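For reference, the structure discussed in these notes is given below.
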Amino acid sequence: MTKLAPQYDPSAIETAIYRRWEDAGVFGADVRSEREPYVIVIPPPNVTAVLHSGHGLNNTLQDVLIRFERMRGREALWLPGTDHAGIATQNMVERALREDEGKTRQDLGREAFLERVWEHVNRTGGTILEQLRAIGCSCDWSRTRFTLDEKYSLAVRRVFVDLHEQGLIYRGQRVIHWCPRCRTSLSDEEAEFVDRDDHLYYIRYRLIDGEKGNGDSTNWVTVATTRPETMFGDVCLVYHPEDERFQEFHNATVEIPLSEVRRPIRTSTVVERDFGTGLLKVTPAHDANDFDIADSLGGFERPVTMDEDARMLDDPRVPEELRGLDRFEAREKILKLLDTAGQLERVDPYSHAVRQCYRCQTIVEPRLSDQWFVKMRPLAEPALKAYREGRLRFVPERWGKVYEHWLMQIRDWNISRQLWWGHRIPAWYCEQCDHITVTMDEPASCEGCGGTVRQDEDVLDTWFSSWLWPFATFAFSKSLGNGIDPLEVVERYGSDAFRFTIVAGAAAGTDMIMDRNDLDGTFAAGRNFANKLWNVGRLILANIGNGSAPDTIDPAHLELADRWILSRCQRTITAITDELQRFRLNDAANEIYHFVWDDLADWYIEQVKPRLYGSADGGDTARAVLRYVFEASLRLLHPIMPFITEQLWESLPGQRDALLAAASWPCASDPLEDEEAEHRFARVQSLVGAVRAVRAEYGVAPGKMVTARVQPASTDALEAFNAEQHTIERLAKIEALSMDGGETDGIGAHQVLPDGSTVFVPLGDAIDVAKECQRLTGELQRLEKQLAGVKSKLDNENFVNRAPGDVVEREREKERSWQEQREALAAKLRVLGC
RNA sequence: GGGUGGUUAGCUCAGUUGGUUAGAGCGCCGGUCUCACAUACCGGAGGUCGGCGGUUCGAAUCCGCCACCGCCCACCA
């Protein structure tokens with residue numbers, strides 16, 4: 001048996017313990033096992049990611065569940081892995097390349113660039129997996145996956161080809177979100193909204209008198225837009241067909257400002273009459289809505305007026321002085337030119353949300369381009385159905401609505417990215433005909449005409465390779481106060497302290513707010529609890545002997561306190577099992593906390609000391625009960641605090657199960673539940689508490705013994721006090737507790753217990769009678785108030801008639817008990833002459 | 001604008017289907033280095049449960065309105 005230090009030092013044991021788990025292979029799942037499987041599938045973290053607080057929280061919660069299920073005998077599998085994080089990783093390498101060598105990826109070429117990325121990933125990647133070990137996650141590391149592994153890539157291609165064959169993947173020309181800095185398209189999810197204080201510009205378009213054909217401008221129409229720089233891509237203006245203000249302009253022609261391009265005025269019901277001027281410019285290549293409008297009107301071209309860097313294109317439609325300008329520079333210049341020409345009517349402040357790249361925060365440019373898409377509706381339908389039929393459930397339930405709403409408004413998913421780092425799209429274009437060959441492996445020639453083929457340059461969205469993602473992102477909704485670094489916490493307080501604190505503090509479905517400047521305060525609960533458990537363990541290990549404790553407990557020798565702790569233990573097992581099953585991890589954490597600290601450490605261990613140290617008989621029974629309760633506690637606590645419990649488990653003499661991580665979950669034993677013992681021990685606790693309170697009140701020196709006399713309110717109380725007389729005397733520092741019903745009057749401190757029993761502590765000169773009167777009178781007033789409340793309830797016929805019988809009975813019981821207390825108090829006051 | 005969650009002790013939060021004397025941790029006050037633990041022990045103070053109204057015998061809990069705070073969605077040019 002190892003000698004344990006008085007203070008728990010997590011850093012001294014955690015690494016070794018984790019290695020022991022790995023060496024023993026306890027995290028490995030046997031897929032051929034007949035046991036019920038329990039698998040957690042989560043979106044993998046980025047290969048280059050560093051563990052942040054959100055990871056720390058989510059992965060801890062998952063680990064608690066998976067360890068619990070593993071101990072319950074299910075075949076628990078946690079598949080760890082990382083994804084290649086296309087944009088993020090490529091950006092990192094590109095930045096380094098630019099800063100170190102002043103080169104771009106194009107300078108290197110695709111192949112050499114990819115070599116660099118692999119180098120980077122091999123050097124720095126996978127850190128997060130190490131960090132998951134540090135917080136104790138019990139992943140099956142033999143199955144670690146990376147989304148660019150050969151086998152995995154094959155599977156990704158297969159999914160692509162299959163979905164294409166089913167018509168669920170198609171190539172189309174659409175307006176997508178384009179990041180001009182990353183030079184790639186983005187999905188709806190990757191282009192996030194940010195609020196912006198912007199402007200709404202009112203721009204005059206010159207009306208052309210078509211019939212006269214002389215181009216004279218006598219009239220304007222005014223269009224409101226936030227993006228004047230897109231106007232060279234306008235194909236028409238539209239107003240609402242029922243908007244009378246514009247009827248006269250039906251089929252009129254306007255001239256795009258600063259250019260000579262002429263466009264018609266048309267109608268569309270999409271137009272919001274109250275917004276702006278009621279007249280909308282339609283730019284199909286640079287706005288997704290406009291694309292739809294133009295599409296429904298039909299017959300329009302879709303002029304793209306910016307290049308991939310969002311600079312104004314060198315195109316006849318674009319005025320010469322604007323060509324090559326960045327879109328925002330162009331906007332400023334356009335506004336100046338319009339103003340000069342008298343065509344900028346007005347500028348209003350306008351705040352709205354704009355999409356930006358989730359990686360580099362660059363404002364996204366809607367842009368017409370050829371991309372691959374996944375049809376989401378056919379995929380969303382079954383998911384919706386599963387939810388609506390109750391086959392898919394959410395904890396907490398309200399997330400179901402979010403999920404439903406999300407699925408209902410989902411649009412087709414753009415899955416091609418103009419990057420190099422990722423799964424290259426398995427599509428080959430013919431150089432002779434327009435056939436596209438989609439197949440797992442490179443075809444020798446075009447399926448259509450036998451011509452030479454060339455593979456698509458683009459790669460797939462990283463999320464496509466974590467295919468489950470669109471339907472799995474809602475699994476956990478959760479964040480931990482920003483700025484908390486889990487690893488710093490683990491280093492300072494230990495993994496168990498981190499885990500316990502966040503599990504106990506994180507109720508299902510709510511976020512946690514933690515103060516990064518007060519890590520000591522925040523994580524004290526976990527650290528202190530670990531230390532408490534450690535010391536409970538030290539005491540028990542030092543006293544239960546070397547395997548001499550009997551395996552079975554002889555019921556005949558059990559004392560009241562033994563029966564009490566055994567009963568409490570059963571209830572705790574039942575409660576925690578239930579709470580973990582219902583994902584109420586915080587309740588489970590608090591439950592075991594109070595059992596270990598309050599019941600076991602503060603009461604049972606204190607009670608049992610005389611037996612342990614040989615000053616009382618029954619040492620074997622005490623040791624057996626201690627061991628039983630302690631083992632159960634370690635098992636119950638293991639999912640939440642795996643390291644310290646494993647260490648203590650290993651230190652137990654004669655341990656049969658090699659590792660706690662692989663041990664079984666405790667099972668409550670009905671015969672050990674003992675309501676009578678719980679009631680009686682509670683009486684003992686209240687008596688000890690009452691005497692302690694008196695001592696504190698009168699400043700009795702901690703070491704000084706007092707005498708005390710108790711008048712039990714019932715034979716049950718008497719039996720309880722009798723059974724634990726020595727415990728009461730020892731814990732309350734009473735030299736002789738008498739309960740013979742003798743004289744309890746006199747000058748001293750008086751207490752009335754909840755069950756009506758009274759206590760008298762003669763303190764002689766130390767007693768300030770006036771003060772004692774005041775205290776007891778206060779007590780009496782409190783009781784009177786409570787009694788008045790319960791009386792008015794019971795006097796209310798409606799209550800007595802309508803409330804359930806047991807509720808009424810409970811109120812009667814209260815009244816009885818409070819009356820007893822009141823009478824006892826009143827008697828005390830009389831004695832003191834108050 | 002639509003939806004949704006929240007508002008409980010100084011701080012961070014529990015409070016499960018309406019019936020407790022409304023709880024925990026930290027912090028605070030007083031006392032102890034008592035032979036497992038001062039990361040501890042013992043005792044204690046502190047809350048009109050955001051506001052108003054309603055349902056009910058009974059509301060922190062259910063309903064309505066209001067006030068703040070948060071998240072999601074649409075952000076219509």
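Residue numbers begin at 1 in each chain, while the letters A, B, ... track the order of the sequences. Small disclaimer: the values here were computed from a predicted structure and weren't measured.
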Inset, instruction - Would you mind reading off the distance between A/F799 atom CZ and B/rG19 atom P, rounded to a whole angstrom? - result: 12 Å
Legend entry - Touch class at under 4.0 angstrom, heavy-atom based, for A/V270 against every strand present: base
Legend entry - B/rC13 versus B/rG50 - spacing of their P atoms, nearest Å: 15 Å
Inset, instruction - Evaluate the ring planes of A/Y593 and A/F500, with Trp represented by its six-membered ring, and classify them as parallel (under 30°), tilted (30 to 60°) or perpendicular (over 60°). - result: parallel
Legend entry - C1' atoms of B/rC41 and B/rU34, separation to the nearest Å: 8 Å
Legend entry - Lys/Arg-Asp/Glu bridge criterion (N-O < 4.0 Å) met for A/E815, A/R812: no
Legend entry - Residue pairs, two or more places apart or on separate chains, that pass side-chain hydrogen bond (donor to acceptor under 3.5 Å, both in side chains) and touch residues 783-795 of chain A: A/R782-A/Q786, A/E784-A/R822
Inset, instruction - Counting Watson-Crick and G-U wobble pairs only, both distances under 3.5 Å, name the nucleotide matched with B/rG50, or none. - result: B/rC66
Inset, instruction - Name the nucleic acid region contacted by A/Y350, choosing base, sugar-phosphate or nothing; use a 4.0 angstrom heavy-atom cut-off, strictly under. - result: sugar-phosphate
Inset, instruction - If B/rG23 has a Watson-Crick or G-U wobble mate with both distances under 3.5 Å, name it; if not, just say none. - result: B/rC13
Inset, instruction - Find the distance A/R355:CZ to B/rA77:C1' and express it as a whole number of Å. - result: 15 Å
Inset, instruction - Can you tell me, in whole Å, how much space there is between the P of B/rC33 and that of B/rG70? - result: 50 Å
Inset, instruction - Figure out the CD/C1' separation between A/E815 and B/rU21, and round it to whole Å. - result: 15 Å
Inset, instruction - Determine the interatomic distance between P on B/rG43 and the same-named atom on B/rG51; round to the nearest Å. - result: 33 Å
Legend entry - Pairwise C1' distance, B/rA77 and B/rU8 [rounded to whole Å]: 47 Å
Inset, instruction - Using atom CG of A/D292 as one end and atom P of B/rA77 as the other, report the distance to the nearest whole Å. - result: 15 Å
Inset, instruction - Taking atom P in both B/rA45 and B/rG2, compute the distance separating them and give it to the nearest angstrom. - result: 48 Å
Inset, instruction - Grab the CD1-P distance between A/I293 and B/rA77 for me, whole Å please. - result: 11 Å
Legend entry - Sugar-phosphate, base or nothing in reach of A/A525, heavy atoms under 4.0 Å: sugar-phosphate
Legend entry - First encountered from the 5' end of RNA chain B, between A/T226 and A/Y593: A/Y593
Inset, instruction - Report which part of the nucleic acid A/V282 touches: base, sugar-phosphate, or nothing (heavy-atom distance under 4.0 Å, all strands). - result: nothing
Legend entry - Spacing of A/H240 atom NE2 relative to B/rA77 atom P, expressed in whole Å: 16 Å
Inset, instruction - In plain terms, say whether A/E365 and A/R227 are close enough for a salt bridge, that is, a side-chain N and a carboxylate O under 4.0 Å apart. - result: yes
Legend entry - Sugar-phosphate only, base, or nothing, as touched by A/R782 at under 4.0 Å among non-hydrogen atoms: base
Legend entry - A/T225, A/T283, A/T305 screened by side-chain hydrogen bond (donor to acceptor under 3.5 Å, both in side chains) with A/D234, the one that passes: A/T283
Legend entry - Per-nucleotide protein contact string for nucleotides 32-44 of chain B, where B marks a base within reach and S marks sugar-phosphate only (heavy atoms under 4.0 Å, - for neither): S---BB-BSSSS-
Legend entry - B/rG18 versus B/rG44 - spacing of their P atoms, nearest Å: 34 Å
Legend entry - Residues A/D243, A/R273: salt bridge by 4.0 Å N-O rule: no
Legend entry - SB check A/R302 A/D295 (cutoff 4.0 Å): yes
Inset, instruction - Starting at atom CG of A/D287, determine the distance to atom P of B/rA74, rounded to an integer number of angstrom. - result: 15 Å
Legend entry - Any-strand Watson-Crick or G-U partner of B/rC71, both distances under 3.5 Å: B/rG3
Inset, instruction - Applying side-chain hydrogen bond (donor to acceptor under 3.5 Å, both in side chains) between A/H352 and each of A/D198, A/D197, A/D195, report the one that passes. - result: A/D198
Legend entry - Upstream residue (5' side of RNA chain B) when A/T277 and A/K814 are each assigned their closest nucleotide: A/K814
Legend entry - Pairing partner (Watson-Crick or G-U wobble, both distances under 3.5 angstrom) of B/rC41: B/rG31
Inset, instruction - Using a heavy-atom cut-off of under 4.0 Å over every strand shown, decide if A/N590 touches base, sugar-phosphate, or nothing. - result: nothing
Inset, instruction - Name the nucleic acid region contacted by A/W818, choosing base, sugar-phosphate or nothing; use a 4.0 angstrom heavy-atom cut-off, strictly under. - result: base
Inset, instruction - For B/rC26 and B/rG19, measure between their P atoms and round to the nearest Å. - result: 28 Å
Legend entry - Ring-face cation of A/R346 near A/Y202 (centre distance under 6.0 Å, axis angle within 45°): yes
Legend entry - Gap between atoms CG and C1', on A/N798 and B/rU55 respectively (whole Å): 14 Å
Legend entry - Partner nucleotide, any strand, of B/rU56 [Watson-Crick/G-U, under 3.5 Å]: none
Inset, instruction - Side chain of A/R584 only, please: which of B/rA24, B/rA14, B/rU21 is the nearest? - result: B/rA14
